[in-house]
Student: 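Let me begin by handing over the structure; questions about it come next.
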Amino acid sequence: MELNYVHPFRLAPRSFKCLQEQLADQLDITRPLPLEGVRSCAGVDLAYWKEGETERGVCSIVVIDNRTHEIMEQTMSIGTIQTPYIPGYLAFRELPLIAEAAEQLTVTPDVFLFDGNGTLHPRRMGIASHAAFFLNRPTVGVAKSYFKIGGIDFKMPGNEKGDFTDIRINGEVTGRALRTAEKVKPVFVSPGNRIDLESATQLVLSLVNKDSRLPVPIRLADLESRRLKREAK
DNA sequence: GCGACAG
DNA sequence: ATCTTGTCGC
């Protein structure tokens, strides 16, 4: 994949917020993305470990065929992590390795799914939203835990698969608590960019099964990144 | 200052 | 995210 990536980690941390605000103005989360047109889905995840004083990380991207759930392609990248984890700024920590792995893809996925938020973020610029600006593809954020914004709590959805509650930040519904399996802890879905919340919700529901409450591509990327980490240590 | 805090 | 044994349950 051809990317137009600019290393955000070379910016001073104080300018992280400024860049997020600038990019947020260019988001488009109004477009439906019909499931029928989605053939390939990429899942992205990272694993970390320490080598002395330096922190290392490995990123895995797994692309699956949306109909058969078979793996179409997978890529990886390993490197030193330059930025610490700061809530609200996860993208600056993880995007460098994600970009390296994405560049190696020979197929261009119809959509990318991330372990983390999209617009469910203080400045509507979670990692899924940020990544879309160099992937140039629709992106979706799927977080395993709730990132509280502006003191707003989420309402627990019903217990059936597909039940959800909207999460409204500053008068705008930016995400949902979604039950992806019966009586299982909900996940938090939000559009990254180039897709609307409803399409993102339906896509996530179409990609889960009884073995994982997370979309299959993310689950596979999680397993693979951990395997690569054990291999590298 | 205190607590909360995606991964 | 990661550190970690056993353990309850399908």
Side-chain angles (χ1 to χ4, degrees), chain A residues 8-9 13 16-17 19-20 23-24 27 43-62 76-99 101 112-132 139-154 167 169 174-178 180-193 197 200 204 209-215 217-233:
Chain A
F9 61 90
F16 286 177
K17 184 177 178 184
L19 177 56
Q20 288 180 335
L23 291 175
L27 289 173
V44 184
D45 199 20
L46 289 85
Y48 298 93
W49 71 97
K50 292 273 280 193
E51 281 183 13
E53 294 305 274
T54 66
E55 189 174 21
R56 303 273 292 169
V58 55
C59 172
S60 166
I61 297 181
V62 178
M76 63 86 91
S77 61
I78 294 186
T80 298
I81 302 301
Q82 299 284 349
T83 308
Y85 170 65
I86 305 167
Y89 301 94
L90 176 65
F92 297 93
R93 171 174 169 83
E94 302 199 329
L95 287 187
L97 284 181
I98 292 173
F112 283 81
L113 294 102
F114 290 80
D115 196 338
N117 292 312
T119 56
L120 190 55
H121 178 277
R123 291 165 292 283
R124 296 159 60 232
M125 277 299 298
I127 188 165
S129 299
H130 199 142
T139 61
V140 172
V142 184
K144 297 183 294 297
S145 64
Y146 182 56
F147 189 18
K148 194 171 181 177
I149 300 162
I152 303 298
D153 284 306
F154 74 95
I167 299 168
I169 308 293
T174 54
R176 284 173 174 167
L178 175 68
T180 54
E182 188 181 346
K183 294 174 183 172
V184 164
K185 200 172 129 184
V187 298
F188 301 88
V189 178
S190 57
N193 197 6
L197 177 56
V204 168
N209 59 40
K210 62 185 172 192
D211 296 321
S212 77
R213 70 178 180 118
L214 291 177
I218 295 180
R219 176 63 178 150
L220 293 178
D222 175 65
L223 291 171
E224 179 63 5
S225 64
R226 294 186 200 221
R227 191 190 68 75
L228 289 166
K229 163 185 162 178
R230 292 199 306 271
E231 194 175 87
K233 282 179 81 168

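What you see is a predicted model, and the numbers here were worked out from it, not measured in a lab. Naming convention: chains lettered A, B, ... in sequence-line order (proteins, then strands); numbering from 1 in each chain.
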Student: Please assess A:Leu46 against A:Val58 for the test side-chain contact (heavy atoms from CB on, under 4.5 Å), listing each intermediate value before the final yes or no.
Tutor: CA-CA 5 Å; A:Leu46 289 85; A:Val58 55; over 6 Å; no
Student: Report yes or no: do A:Tyr48 and A:Glu94 form a side-chain donor-acceptor pair below 3.5 Å?
Tutor: yes
Student: Give the intermediate values and the outcome of side-chain contact (heavy atoms from CB on, under 4.5 Å) for residues A:Lys144 and A:Arg213.
Tutor: CA-CA 9 Å; A:Lys144 297 183 294 297; A:Arg213 70 178 180 118; 3.5 Å; yes
Student: Show the nearest heavy-atom pair for residues A:Ile149 and A:His121, with the distance to one decimal.
Tutor: CD1-N, 3.2 Å
Student: Could you encode protein contacts along nucleotides 1-7 of chain B as a string, one character per nucleotide from 5' to 3', using B for base contact, S for sugar-phosphate-only contact and - for no contact, with a heavy-atom cut-off of under 4.0 Å?
Tutor: ----BBB
Student: With a 4.5 Å heavy-atom cut-off, do A:Ile86 and A:Pro84 have their side chains touching?
Tutor: yes
Student: May I have the distance from A:Ile81 (atom CD1) to C:dT2 (atom P), rounded to whole angstrom?
Tutor: 11 Å
Student: Spell out, as yes or no, whether a donor-acceptor pair under 3.5 Å connects the side chain of A:Thr83 to the backbone of A:Arg93.
Tutor: no
Student: Around A:Lys50, counting heavy atoms of other residues, nucleotides and ligands shown, do more than 12 lie under 6.0 Å from its NZ?
Tutor: yes
Student: May I ask you to evaluate whether A:Lys233 reaches the phosphate of C:dC3, defined as a side-chain N or O under 4.0 Å from OP1 or OP2?
Tutor: yes
Student: Tell me whether A:Arg123 forms a cation-pi arrangement with A:Phe16, defined as NZ or CZ under 6.0 Å from the six-membered ring centre and within 45 degrees of its axis.
Tutor: no
Student: Under 4.0 Å between any heavy atoms, over every strand shown, what does A:Lys210 touch: base, sugar-phosphate, or nothing? Just pick one.
Tutor: nothing
Student: When every nucleotide of nucleotides 4-10 of chain C is labelled 5' to 3' by its protein contacts under 4.0 Å (heavy atoms), B for base, S for sugar-phosphate only, - for none, what sequence of letters results?
Tutor: -------
